[in-house]
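A note on names: the letters A, B, ... follow the listed sequences, proteins ahead of strands, and every chain is numbered from 1.
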2 protein chains.
Amino acid sequence: MRKITIEDVAKAAGVSRALVSIAYRGVAGVSDKTREHIFAVGQKLGYVPNLNAARLASKGIKTIGVFLQDLHNEVFADVFDGIRKVIDEQEVQLVISVGSAEPGRDAKAIDTLIAARVDVIIAAGLTMSDSELQRYAKATTLISVTRKAHGVSSVSSDDYLGAKLATEHLIAGGHSRISFLANPQTDGYLGRQAGYLDAMATAGLPALVKESSYQRVQAEADALELLEQGKPTAIFAHNDLSALGVLDALVSTGLKPGADVAVVGYDNTSLSQTPVLALTTVDPHSFELGKTAAQLALKGLVGKLDGDDSVEFQPELVIRSSSMR
Amino acid sequence: MRKITIEDVAKAAGVSRALVSIAYRGVAGVSDKTREHIFAVGQKLGYVPNLNAARLASKGIKTIGVFLQDLHNEVFADVFDGIRKVIDEQEVQLVISVGSAEPGRDAKAIDTLIAARVDVIIAAGLTMSDSELQRYAKATTLISVTRKAHGVSSVSSDDYLGAKLATEHLIAGGHSRISFLANPQTDGYLGRQAGYLDAMATAGLPALVKESSYQRVQAEADALELLEQGKPTAIFAHNDLSALGVLDALVSTGLKPGADVAVVGYDNTSLSQTPVLALTTVDPHSFELGKTAAQLALKGLVGKLDGDDSVEFQPELVIRSSSMR
DNA sequence: TTGTAGGCGTTATCAT
DNA sequence: ATGATAACGCCTACAA
């Protein structure tokens, strides 16, 4: 089962390697007749062009690398859908790399993309430090989605505003003991908490923050503690996944979401949209984020992407029953 | 921002390209002193070995290609976690390729892996026809997970048994009008339905099958129809995602899961494990599936993987409140 | 321990 | 329209 090469096809078809290459790349320079002949032979031999060799030899093959933080969080699936939506219509390759909870893993994942010599990197959900991100952005063409930092191109949603809207919604609902279940405090992901804090301060209400993790189970445990200690009447979680953890905590405490304790998430994942959960949340427009990032990447592929070519979306509050009595 | 090569590093460090190569591959043949020197220079220049060139030149670089059907279904995230768990401890590269609902997309995704010249392919959730799968398995070293077919190595769970257990559980619960919300009827994914049918036949109960899709929203619509037409007292969905759709349908009908209509899913995704949903389901041990597939892939990397080297896991029924009154 | 040189499978430039 | 022939960046005997 030896790998068959372009040379094998050329020999079998009685033409030069150059012609086979031209035929398979679909560029002009072959007669219809010989092209078909070449394809016929190639097909029979089971020939598939070696992308590694092609990438090495060609400056014409465009490929963009995509980093996704976590396959368990549907937000990234949404972003990916958006990316593919626009890339699919293009003659562009995609190389994927995924992260994980493990710290330092995302740097390694980006390195893989660089080693693969992708022309542009779209990174969704980077958790590295600002300085590290900036280093990467300087050395490569990098578009950060979901996360922004000084001097790096990014596509994001205004987390501060979204969180402010969510908090104000709860305040307007008559709640005063509103708690925020925070994500790990890393660079680039402090906007939601800031929005919450400001909204609370403005209303003259005491802030009640509890730091949690990205794991739903952990969120559940933290929410349980929160319920005992702070006795909040409303909990705003940093994302839908942890909001689900809050719902879990309520259920096991016998409390009714909405009626007893209002719950709000963030991301508007398909999960929050289900009638069963009916989770009030903030929509960052993940799919659009992905599409826009891909369009920027396309720009970076040809002309140039300015050092700091960023776009920020307006998030939207989506009210469902989890925050209504 | 020119790409810097091994030659640049060699020149700057005052050594030959060979030495730089040796140093970066971490093999024996360099003095500690010069290795460190080379690394220092390389670091300063921002050198990252070109994987394309490396793969082309070397037969020693092992890489495994991973295909995942759908990022929106957490099952594949679980499988992927399992794969990475064992691969991470190895000196092996991973190339990822993802599918989508669009038919014919998975073939294209596999082609990408082949073009990248991965040594082994782990494909989770292939929906192509048996014959097409068999063609691929003949031309490459392919391990199918979740899905099995004659003559192709696979790692799967006994869907027939799992579905049988689930159905028998419902029968034992006193239900007689039990409906099965089926997945699209494609090659390789008929086991669950078969298990349901046999269990029903054995009990002398009438089968009530409704074909649905892999979309949760579609499952919800189909479940609604089902509730009106067949008046089932229990619904067994082909996976957790569509079971969630069933729960949605119940909620919007004012029916209580468990109390009014029993619901059972399949996959034991983290979703079903949440106290809020508490979905009775069947655990195919997705994480283990991924681990085992990776171990087989490792075998395929070195020695040989027999044409049909398959392993099948025993699924496990996980009873939660969605199927209890 | 270090350097030399040929080859990996394509692409791309120049001829023909 | 077709065919030689250098790159492309790295690996790997083989020499030194």
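With sequence neighbours left out, B/D78 forms a salt bridge (charged side-chain N to carboxylate O under 4.0 Å, His left out) with no residue at all. Not a single salt bridge (charged side-chain N to carboxylate O under 4.0 Å, His left out) links A/D187 to another residue, sequence neighbours left out. In terms of the salt bridge (charged side-chain N to carboxylate O under 4.0 Å, His left out) criterion, residue partners of B/R147 (sequence neighbours excluded) are, by chain and number, B/D130.
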Report, one line per pair, each donor and acceptor closer than 3.5 Å where one atom sits in a side chain of residues 56-69 of chain B; sequence neighbours left out.
unit_1	atom_1	unit_2	atom_2	d
B/S58	OG	B/G60	N	2.6
B/S58	OG	B/I61	N	3.3
B/Q69	NE2	B/G125	O	2.7

What donor-acceptor contacts under 3.5 angstrom involve side-chain atoms of residues 36-51 of chain A, with partners at least two apart or in another chain?
unit_1	atom_1	unit_2	atom_2	d
A/N50	OD1	A/N52	N	2.8
A/N50	OD1	A/A53	N	3.2

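In this structure, NZ on A/K299 lies 12.5 Å from OG1 on A/T141, to the nearest 0.5 angstrom. Between the CD1 atom in B/I122 and the OG atom in B/S97 there is a gap of 13.0 Å [rounded to 0.5 Å]. Note that CG of A/L301 is 8.0 Å distant from CD1 of A/I87, once rounded to the nearest 0.5 Å.
At a cut-off of 3.5 Å, with distance as the only test, no side-chain donor of A/R17 or A/S21 sits close to an acceptor on the other residue.
You'll find the side chain of B/D267 reaches within 4.5 Å of the side chain of B/P284, heavy atoms only. A 4.5 Å side-chain heavy-atom check between B/V311 and B/Q295 finds every atom pair outside the cut-off.
Residue A/V15 is classed as a sugar-phosphate contact, given heavy-atom separations below 4.0 Å to backbone atoms only.
Running 5' to 3' along DNA chain D, contacts with non-hydrogen atoms of chain B at under 4.0 Å begin and end at D/dG9 to D/dT12. When DNA chain C is scanned in the 5' to 3' direction for atoms under 4.0 Å from non-hydrogen atoms of chain A, the outermost contacting nucleotides are C/dG9 to C/dA12.
Taking the C1' atoms of five terminal pairs at each end of the helix from C/dT1-D/dA16 to C/dT16-D/dA1, the two resulting helix axes are inclined by 30°, rounded to 10°.
Pairing each heavy atom of A/A123 with each of A/L142, the nearest pair is CB-CD2, 4.4 Å.
Evaluation of the salt bridge (Lys or Arg N to Asp or Glu O under 4.0 Å) test over residues 79-94 of chain B, restricted to residues two or more places apart or in two chains, returns A/R105-B/D88. Sorted by first and then second residue, the side-chain hydrogen bond (donor to acceptor under 3.5 Å, both in side chains) pairs with a member in residues 106-118 of chain B read B/D106-B/T127, B/D111-B/Y136; sequence neighbours excluded.
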Quiz item: Can you list the steps and then say if A/I121 with A/I114 is a side-chain contact (heavy atoms from CB on, under 4.5 Å)?
Solution: CA-CA 8 Å; A/I121 294 177; A/I114 295 177; 4.0 Å; yes

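Taken residue by residue, residues 40-59 of chain B places heavy atoms nearer than 4.0 Å to DNA chain C at B/L56, B/A57. Near-neighbour residues of DNA chain C inside residues 21-35 of chain B, defined by a heavy atom below 4.0 Å, number-ordered: B/G29, B/V30, B/S31, B/T34.
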